[in-house]
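The structure appears below as structure tokens.
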Protein chains: 2
Amino acid sequence: MAKGDLCVTRVPIFQGLTHQQQLHVAEFIRPLSVRRGEPVYTPGDSVSRLLVVHSGQLKVSHLAANGQEQVLRTVTEGDVVGERAFLSGHRPNDLLLALEDSQMCVFNHADLSNLIRDYPEISQQMLQTLSDRLASVERQLVAITSSDVTARVAAYLLDLTSAGRGRIPTVRLPMAKKEIATYLGTTPETLSRRLAELSASGTIQLQGRRDVLVLDLDALERLAMPQ
Amino acid sequence: MAKGDLCVTRVPIFQGLTHQQQLHVAEFIRPLSVRRGEPVYTPGDSVSRLLVVHSGQLKVSHLAANGQEQVLRTVTEGDVVGERAFLSGHRPNDLLLALEDSQMCVFNHADLSNLIRDYPEISQQMLQTLSDRLASVERQLVAITSSDVTARVAAYLLDLTSAGRGRIPTVRLPMAKKEIATYLGTTPETLSRRLAELSASGTIQLQGRRDVLVLDLDALERLAMPQ
DNA sequence: GGAACTCCTTGACGTAGGTCAAGTTTGCGC
DNA sequence: GCGCAAACTTGACCTACGTCAAGGAGTTCC
């Protein structure tokens, strides 16, 4: 119950409901655990469920015809995945894979459809969520076409910094650099070089493989600006 | 009434309603005409209305901080614009501008909110629409990062060809090449060169400034494939 | 705790495509 | 129609970034 509770109360899409209603919703949750490295679904799977991340971290990525991977986004606690397949009934053309051991809350199609019928507020919140996602992808698109890699890396680091509130300028990279590179529309080699430059200029400091210490926030912000 | 009727009956988001209900919805429509070249809204405008295109064609684009324009999509009859500002109440950070003289149907925030409360089916359809848009932007993103300009141009022409049903392989470009270039994540110069190459290889034939005759669909399809 | 990964970094190199600049065409307004 | 401005094309050049390759550094799994 604790799990279901968390998924229902902390997730934006059920925010519009009363506590009573949230409890009702929670009854339909089925838990799902995935180990790091395991896929939740792969392109073409006939899934039609809505997934809410309860704990852990996963990546959503698109596989091009040539097998090339493009990371579209990462999701963590409270994020929702699978609306598209859920709404359209189409098979997903993307891939959801656990970056760490993760727990998810699953709603199957029939259950959630009924819930939505009973509680139209859920659609409202889903609209909001989708609309934010859309804005975010559009921002990513504009960034990739109109800034160079240095600017994108800087913006990405700023993003991570602000996500981890508390003025602690140490950020932990959520994925391997290889994957971050595809998310930023570049290659591991180029990403590595740009990070090395930022490090050389004293803007950041690389600590091990996964951690970055931000030394000069202002400089990062200046770099993140187009030209 | 004819206008309102068209906007309401032909648009996906009102598709779930009965004819009776559609008539009710139509009462809240306010018409809006724009001349070619005129903006409907610009970044920062305090609009909070939902717009449905009744006739004509417009472009939605994003202006980067340096003034650089990135066309996000074009919209025509039946397409919906402004959901994001409508849903979030935020000011838009994009720009809607008429490519031809166009007519739109406008819903103000209060009216549509009420309608949605009365007819939850509207949210359902909006979800569907947004979800399709999201998929489309993600596709665009993947295309820009994983194919070269030739492939993107080929894919774009194929897109236009299939949109204009009827096996007539003549497509009319919806925008100036300058703008198409930004949509494809490139520059007018490069687009011009790639079109010239396609023309030289006998795949297409350029007719005037705006029309392209597709001579070899198969070749285009081959080029549109990644590598 | 060591072997064997995989991940990452660095170097050298080639090139697609961006930029700048100068013509050419086209369509629009008057 | 005429003239002008915007749109487009073509050329020359350059550079950011991708690719290929080889050497290190961390992890993970027995």
Side-chain angles (χ1 to χ4, degrees), chain A residues 35-38 59 64 66-71 97-101 143-154 172-200 204-212 223 226-227, chain B residues 35-38 59 64 66-71 97-101 143-154 172-200 204-212 223 226-227:
Chain A
R35 316 283 314 249
R36 158 193 170 72
E38 281 179 4
K59 66 172 176 181
N66 58 24
Q68 192 68 21
E69 177 184 18
Q70 157 87 34
V71 175
L97 192 137
L99 294 169
E100 330 168 340
D101 294 354
I144 287 184
T145 58
S146 68
S147 345
D148 61 16
V149 177
T150 304
R152 283 179 259 157
V153 172
R172 161 146 301 207
L173 302 177
M175 302 174 277
K177 298 219 176 85
K178 184 171 58 157
E179 292 160 315
I180 295 177
T182 78
Y183 176 76
L184 295 176
T186 183
T187 58
E189 293 93 331
T190 300
L191 175 60
S192 183
R193 282 181 242 269
R194 293 305 125 87
L195 284 174
E197 286 168 19
L198 288 176
S199 184
I204 63 171
Q205 188 173 315
L206 296 166
Q207 303 192 319
R209 189 168 276 187
R210 274 296 169 90
D211 292 294
V212 178
L223 288 170
Q227 43 151 303
Chain B
R35 315 283 314 247
R36 158 194 171 70
E38 281 179 4
K59 66 172 176 181
N66 58 22
Q68 192 68 20
E69 177 183 17
Q70 157 87 35
V71 175
L97 192 139
L99 294 168
E100 330 167 342
D101 294 353
I144 287 183
T145 57
S146 68
S147 345
D148 61 16
V149 176
T150 304
R152 283 179 260 156
V153 172
R172 162 147 300 209
L173 303 178
M175 301 174 276
K177 298 220 177 82
K178 183 170 58 155
E179 292 161 314
I180 295 177
T182 78
Y183 176 75
L184 296 175
T186 182
T187 58
E189 293 94 330
T190 299
L191 175 60
S192 183
R193 281 183 242 269
R194 292 305 125 85
L195 284 173
E197 285 167 20
L198 288 175
S199 184
I204 63 171
Q205 188 172 315
L206 296 166
Q207 303 191 320
R209 188 167 278 189
R210 274 297 170 91
D211 292 294
V212 178
L223 289 170
Q227 44 152 298

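So you know, we letter chains A, B, ... as the sequences are listed, proteins then strands, and number each from 1.
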Heavy-atom side-chain contact between B:R152 and B:I144 under 4.5 Å: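 Sidechains of B:I144 and B:R152: in contact.
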Determine the contact category for [X]: base if any of its heavy atoms lies under 4.0 Å from a base atom, sugar-phosphate if only primed atoms, P, OP1 or OP2 are that close, otherwise nothing.
X	answer
A:R36	sugar-phosphate
A:R194	sugar-phosphate
A:G37	nothing

Given atom [atom1] of [X] and atom [atom2] of [N], what is their separation to the nearest angstrom?
X	N	atom1	atom2	result
B:L184	C:dG18	CG	P	11 Å
B:E179	D:dA6	CD	P	14 Å
B:R152	C:dG18	CZ	C1'	12 Å
A:E197	C:dT10	CD	C1'	12 Å
A:I144	C:dG18	CD1	C1'	17 Å
B:Q68	C:dG18	CD	P	11 Å
B:L191	C:dG17	CG	P	12 Å
B:R172	C:dG27	CZ	C1'	13 Å

Under-3.5 Å donor-acceptor pair between A:R209 side chain and D:dT27 base: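 Result: no qualifying N/O pair found.
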Side chain of B:A176 (C-beta onward), nearest among D:dC8, C:dG18, C:dG17: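 Comparing D:dC8, C:dG18, C:dG17 against the side chain of B:A176, the answer is D:dC8.
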Report yes if a side-chain nitrogen or oxygen of [X] is closer than 4.0 Å to either non-bridging phosphate oxygen (OP1 or OP2) of [N]; otherwise report no.
X	N	answer
B:S192	D:dC8	no
A:T187	D:dT19	no
B:K178	D:dA7	yes

N/O donor-acceptor pair under 3.5 Å between A:R36 side chain and A:L99 backbone: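 Yes, the answer is positive, given that a donor and an acceptor are paired below the 3.5 Å cut-off.
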Upstream residue (5' side of DNA chain D) when A:T190 and A:R210 are each assigned their closest nucleotide: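 It is A:T190 whose nearest nucleotide is closer to the 5' end.
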Whichever of B:A196 and A:D148 has its nearest DNA chain D nucleotide further upstream toward 5':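 Nearest nucleotide further toward 5': that of B:A196.
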Derivation of the side-chain contact (heavy atoms from CB on, under 4.5 Å) call for A:R194 and A:T190: CA-CA 6 Å; A:R194 293 305 125 87; A:T190 300; 4.0 Å; yes
Closest contact, heavy atoms only, B:A181 versus B:P188: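 Looking at all heavy atoms of both residues, the shortest contact is CB-N, 3.5 Å.
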Of B:R193 and A:E189, the one whose closest DNA chain C nucleotide lies more 5':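 Of the two residues, A:E189 wins.
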Donor + acceptor pair across side chains of A:T145, B:Q70 (<3.5 Å):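 A:T145 vs B:Q70: donor-acceptor pair found between side chains.
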